[in-house]
Structure formats: C-alpha cells, structure tokens
A.B. asks: 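First the structure, then my questions, so here it is.
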There are 2 protein chains.
Amino acid sequence: MTEPAKPDVAATPAPVKKHARDGKSSATIYDIARVAGVNPSTVSRALSKPGRVSAKTQKLIEDAAAELNYHVNPFARALPTGRTSTFGLIVADITNPTFFDIIRGAGATATARDYTLVLADSAESAVTELTTARRMMATVDGLILASPRMDDDDIRALARDKPVVVINREVDGVPCVVPDVNKGISEAVRSLAANGHKKVAYVAGPSQSWMSAQRWDGVRSACEWSRLEAVRLESSKPTVDGGRQAAREVLASGATAVLTYNDLLAIGLMRELQAAGLMVPDQISIVGFDDIFGADFTTPPLTTVRSPLGECGSGAATILLDHLAGTGAETPDTLRVETELVLRGSSGRLIPAK
Amino acid sequence: MTEPAKPDVAATPAPVKKHARDGKSSATIYDIARVAGVNPSTVSRALSKPGRVSAKTQKLIEDAAAELNYHVNPFARALPTGRTSTFGLIVADITNPTFFDIIRGAGATATARDYTLVLADSAESAVTELTTARRMMATVDGLILASPRMDDDDIRALARDKPVVVINREVDGVPCVVPDVNKGISEAVRSLAANGHKKVAYVAGPSQSWMSAQRWDGVRSACEWSRLEAVRLESSKPTVDGGRQAAREVLASGATAVLTYNDLLAIGLMRELQAAGLMVPDQISIVGFDDIFGADFTTPPLTTVRSPLGECGSGAATILLDHLAGTGAETPDTLRVETELVLRGSSGRLIPAK
DNA sequence: TTGTACGCGTTATCAG
DNA sequence: CTGATAACGCGTACAA
C-alpha cells in the first residue's frame, strides 16, 4: 500500500542528505568539558550524581551544558550501565478499552518517576506476546504484562532476566496486581437476588484467561451464598460479536440474569437480545465487567463490575520501579485492589411474564 | 499509593541480587567469533549485511550465533550508526478512540518492516506534546505526529532534525496524511437536505485544531451548494461532556440538524437532547465524525463521517519508513485519503411539529 | 574534589 | 573476502 514509485530513482540530481549526522551533531560531554575547562569525567559526574562535585564547577558545567543545548545520549549511557530508564507494557489489544486506564495509570507513574513507557500490543496471540516480550527485554529495564496469554513458565522465564510485574493474573513467584472480584460480584448478585432473579448465567471469556476463571468462581460462590442457581456458558471470543453469538445459548439456558466476562460481551449480548424483542431489564438483566469506555452509551446503560484499572496500572508500575530502585530484597508479592458494582439501567427487577 | 513498607529493610539476610549483570550475560559477537574461529568484525558483517561474507563462514557464524542464543545489543548498535530501528508516534490522548486505528495501522506496518513503534500520549497539551516529542527524538529514527496541537514552526523545527510525518493536519514543508473531508461531508449534507432539513449547525472542536477548521469549511460549502443555512457553534472540549454542554446552544440556534467535530461530541449532545425530551432523529438529526468505537452503541446508533484512520496510520508509517530507507530525495508531499458517510439511525427525515 | 584510563558491544575504515 | 583497529558517548574504578 502506498508504495512509492520505484523507477524514478534514475535522475536524482542532488542526493541531498537531509537529517545528516555530519557537522554540528549534538554536543557531547567532551564539548562541555572543553567549554567549562574541566575533564569530561567531571562533567559526567556533575550531570548524573549532583553532589559529587564542587558547587562552582557544578554551575560552570550546567551553564555550559545549557549553552550548548546538551542532551545525554541514551544509548551511550545504556551501554556501560545496562540501564535505560525505560520499561515496557504489553497489552493484548491496544484497541480494547479495558486497557486504557491501565495504560494511563502506568504511563502517569512512569513519567512521574522519570521513566519512559514503551507500549506494545500482542494482537491477542500468546506467541506474538512472547515474541514482543523477548524483543522488548533487550531495550527496557523491566516489563509489565497486562492480562498475559502466555504460559506461567514463559512469564517466569522472562522474570528471571529482568523484573516483571503481571496485571490481572496470579503467577507464582512473580509480583502481581489483581482486582479482587469478590466484593463487586457479591454486590451484583445480591442486587439480582433482591430483584427476584432465581437463575444466573455467566458467559465466560477465553479459556486461557485466568481472570475469566476467577470471575466464574466468584459468581458461582456468590450465587450459592444467595441460593441462586448458576450456570456457565461459553463464548467464541470476548468481543461485541462474541456477545451477539452467545444470545442463543443464554436464551436457551432459561436464566433471567446474565453476567458476562467483560463489557464487550455484555453489550453485544444486550443488543442481540433487544433485537430479538426482549426488554432489558424487565425480562432479562445484564451485568458486565470492567466499566469500559462506552459502557454507558447503550440504552439502557450497562450495569457493570468495575475494576480500578488505573490503580492496577500505576500500582504495577510502582512495584516495578521500586524493584528497579532496588533497595534490596523486596518481594511485594501480589497487590489486591477492590472491585465495585456500578449499578445502571441494564439490570433491575424482573417483571414476570403474564 | 502502594508504597511498600520501608522499615523492614533491616533484616535482609542475603542481599541476593537477582537480575544480575554478572556471570553469563548475553553473548556478544566476540563470543561468536571465538566459537566460529573468525574475527569479530567478520561476525558483525555476517549478521548485518548478508552477502558480504563467504557462504560457508556465513553458515558457521549463524550456527554459532544460534547456539549461543545471540541477540544484538540495540544500544551498542545505535551508538556508531545513530539508527535505532524505532520510530515514535505521538497522539493527543491514548484513550481517545479516534486514535485506535491510527495506532493499529502504524503498528502493523512498523512490525511488517521490522521497526519498533514507540507510543506516547501528550495529554492534550501542546507543551507536553513538544516535550515528549523532543525526548523521543533522542531515541527514534523518525516521528509521526497525529493531530498535533503544537505550532507549525515547532513541527518544522522537529522535522529539521529527523524525518517527521503529520497526520490530520497540513504543515508546509512536512509530509502529511490527511483525510479529504469533502466527499463524506457532501454525502452527509445531501442526505440531510433530502430529508427536509433547512438549517444545519456545526459544533466546532478545539480552536487550534486544523481538522476542525477543515470540517467547518466543508460543512459550510456543502450547505451553500445544497442551499441550506449553516451556523457554527463552539464547544468547551471535544468530549462527551462537551457535547452535553453544547446542547443549549444547539437548541437555541434553531437548527434541525447538527454535525459535530467528532463522535464524542455527537454522543454527548444526543444524550443530552434526548434527556430533554427530544426525539432523534424525528425532531433533530445528529451526525458525528470518525466512526469511533462505540458509535453504534447508542440508541439510535450514530450517523457519522468516517475517516480511514487505519490507512492514515499505515500510510504515515510507510512514508516515514520509505523516507528512512532513504533512496534519496523523495518528497511525498501530502497523502490524501477519502472519507465516507456511514448512515445510521441518528439522522433522518424531519417530522414537522404539529 | 578532580583527572586518567579503560570498558560497554557494535560498526566503519582501512589494510592485507 | 577477512583481520586488525579506531571510533561512538558515557560511566567508573583507580589514582592523584
């Protein structure tokens, strides 16, 4: 696509190299040293660890640096130290709103602590995920994996190389940040029970998804506790389309209330059910997970169990950065954050058919 | 938040340095050279430019590399060459769905051409945008600016340093990728005219937005052509909330059809209007721009003018990468892509009040 | 406190 | 076609 024509390379009159490396390339510590009349190593010290140099030479050097518009060369710095002031974040799908707040949260604490965040997308594939992770490992100081699809063992292998933090999944021996689903789910189920529902369906996500299993566990035990019947259904994929396709099974199950693995499924399901003539929530209640962007665009707006994804992102970044600051043997284990029910219009009292 | 307890640093028995740099750090070309019985420089040649070395030594080296699980060190490579096989993409807001497809498109062609995409968010601020851009310039080979908020001059200054491509805006002297709004807008306006509308409002975006100006121009001239009255209204910010706030002015304007700078505004506007008791589209038609994720979640689903954002992203990346491949003096100028109307439920025939 | 000298892993420039 | 050697820009023991 958009390939420029190849043939017209013939008559290239003046091969004007723009962006040339020649001439006044950016200044180095040597230039500063010359201007300030000191040794390059002194410049290095002054610019990295303030305090290891006398006050006046410090100022001398800083002035020269400012004048020469000096910027450190990250590569030259990374070579001897091995540190890049950079960490990676890999998400399954950049366009999945679930990850927005995670990205924001991680990004915010990154810049707050003078780190650069490198973001990558694994296209929902376990193998590309591993590939990207490996590629990244070469350029970053640490890695955050959000809802990873790869094996526990692969994650641990990565973690042996450099610090790794996992979000939305528990992996033994690796620091994790996971929402505790129980509070949000039990609120949701209690609300459903109070509204006259007797049978609840859970539409599951991808089979490799640790989080989907968690949620099903939570739903099942909450239902048990509230003396509701719980049934688990499968979905083809955790998207709006997947939700549409799940509608048949949901109907067939006889459940009057549905929780879905995520909001995308919930939205698709709701639309398909409405298209089939059902009233939401009068005839069937629908509850999603995550409270993604757009969850309140629907009619009725979606009831959902919200995870504090922003906190997850910033929490993971904090753990990672603390780990990198490396005061020693911190084993932050797993950080749990609370979930809560966001009650909107898609769930409510069941109106018995006449 | 989530600060780990500091005090318990006391009893740290074995300061086990995990992730140590010591011992079997990753293999270098020297290791390969030793194993293959050749000179390091030969290894370098064999691994970078295939063909500049005899077939059998080539294989020898490749085998050794594979055995030692060798990976190039990007920093060491970048130091002498100045090239990083990396380019940056700066968007105003990662959580704004408008940019999804741009990101995807750029990311896809990046990996297709063995480049790594570094993504950054400017938090909708012109100054952070410039700051991040400058920071990035040190680590990337080139830069893509999507809907930049900074001055033309700043962009040109950046472009003097390294190749820059701009999306959604035209900047003199810099390669640009811009959707041509005219086709989509004229389709939209013709449709409105055919449905009995006489007066059309345009709710504008940020004043610095080049694209917002383009769209207003398009709306005005299309209305002129169709003999409709066109009026321009302002918005506080290009978000759902901004759309809500614009509802009063829209009502006051007397227009029966509204085009908004983007879908977010359209969604907010529609919800507020509906909350006020208006029927969409019977009493008022609403048309957005971009066809973002969630635009069809609303009731009625949103009519919108779609830009091929994916194409924009991949197109910009292609231009940039071709530029970097640098066969010489390609001046791709600006690449225009077509827009089209996506007709959904939020626009339609005007039902005259009795 | 500051200067000296060397290494980080790779590419580029020469000879051979 | 291949081997030696000098950069690339910065950090850092070590010595002064």
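Chain letters run A, B, ... following the sequence lines, proteins first, then strands; residues in each count from 1.
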A.B. asks: Side chain of A/Val53 only, heavy atoms from C-beta on: which candidate in C/dT10, D/dT2, C/dT2 is closest?
C.D. replies: C/dT2
A.B. asks: Between atom NZ in B/Lys59 and atom P in D/dC1, what is the gap in whole Å?
C.D. replies: 19 Å
A.B. asks: Calculate the interatomic distance between A/His71 atom NE2 and D/dC10 atom P; express it in whole Å.
C.D. replies: 12 Å
A.B. asks: Test your reading of the model: is there a side-chain donor-acceptor pair from B/Arg156 to the backbone of B/Asp172, 3.5 Å cut-off?
C.D. replies: yes
A.B. asks: Is there any protein nitrogen or oxygen under 3.5 Å from a nitrogen or oxygen in nucleotides 13-16 of chain C, and what are the pairs?
C.D. replies:
none

A.B. asks: What nucleotide among C/dG9, C/dT2, C/dC8 has an atom nearest to a side-chain atom of B/Thr28?
C.D. replies: C/dG9
A.B. asks: Check the distance between D/dG3's P and B/Ile29's CD1 and give it to me in whole angstrom.
C.D. replies: 12 Å
A.B. asks: Using a strict 4.0 Å threshold on nitrogen-to-oxygen distance, state whether A/Asp322 and A/Arg113 make a salt bridge.
C.D. replies: yes
A.B. asks: Looking at every strand, decide which applies to A/Val43 at a 4.0 Å heavy-atom threshold: base, sugar-phosphate, or nothing.
C.D. replies: nothing
A.B. asks: Separation of B/Arg77 atom CZ from C/dG9 atom P, in whole Å?
C.D. replies: 15 Å
A.B. asks: Touch check for A/Tyr30, heavy atoms < 4.0 angstrom, all strands: base, sugar-phosphate only, or nothing?
C.D. replies: base
A.B. asks: Check the distance between C/dG9's P and B/Leu47's CG and give it to me in whole angstrom.
C.D. replies: 15 Å
A.B. asks: Let me spell it out: for each of B/Pro40 and A/Ala76, pick the nucleotide of DNA chain C with the closest heavy atom. Which residue's pick is nearer the 5' end?
C.D. replies: A/Ala76
A.B. asks: Could you state the atom-to-atom distance from CD1 of B/Ile32 to C1' of C/dT10 in whole Å?
C.D. replies: 12 Å
A.B. asks: Test your reading of the model: is there a side-chain donor-acceptor pair from A/Glu129 to the backbone of A/Met150, 3.5 Å cut-off?
C.D. replies: yes
A.B. asks: May I have the distance from B/Lys49 (atom NZ) to D/dT2 (atom C1'), rounded to whole angstrom?
C.D. replies: 15 Å
A.B. asks: Check the phosphate of C/dT2 against A/Asn39, side-chain N and O only, distance under 4.0 Å to OP1 or OP2. Yes or no?
C.D. replies: no
A.B. asks: Would you find a donor on one side and an acceptor on the other, under 3.5 Å apart, between the side chain of B/Arg149 and the backbone of B/Ala92?
C.D. replies: no
A.B. asks: Got a donor-acceptor contact below 3.5 angstrom from the A/Gln58 side chain to the A/Val53 backbone?
C.D. replies: no
A.B. asks: For a quick test of reading the model: is some side-chain N or O of A/Thr42 closer than 4.0 Å to OP1 or OP2 of C/dG3?
C.D. replies: yes
A.B. asks: Could you state the CD1-P distance from A/Ile61 to C/dT1, rounded to the nearest angstrom?
C.D. replies: 13 Å
A.B. asks: Think B/Ser44 has a side-chain N or O under 4.0 angstrom from the OP1 or OP2 of C/dT11?
C.D. replies: yes
A.B. asks: Mark yes or no for whether B/Asn39, through its side chain, and B/Ser41, through its backbone, hold a donor-acceptor pair below 3.5 Å.
C.D. replies: yes
A.B. asks: A/Thr84 pairs by side-chain hydrogen bond (donor to acceptor under 3.5 Å, both in side chains) with which of A/Asp141, A/Thr116, A/Thr139?
C.D. replies: A/Asp141
A.B. asks: With a 4.0 Å limit, can you tell me whether B/Ser48 has a side-chain N or O closer than that to the phosphate oxygens OP1/OP2 of C/dT10?
C.D. replies: no
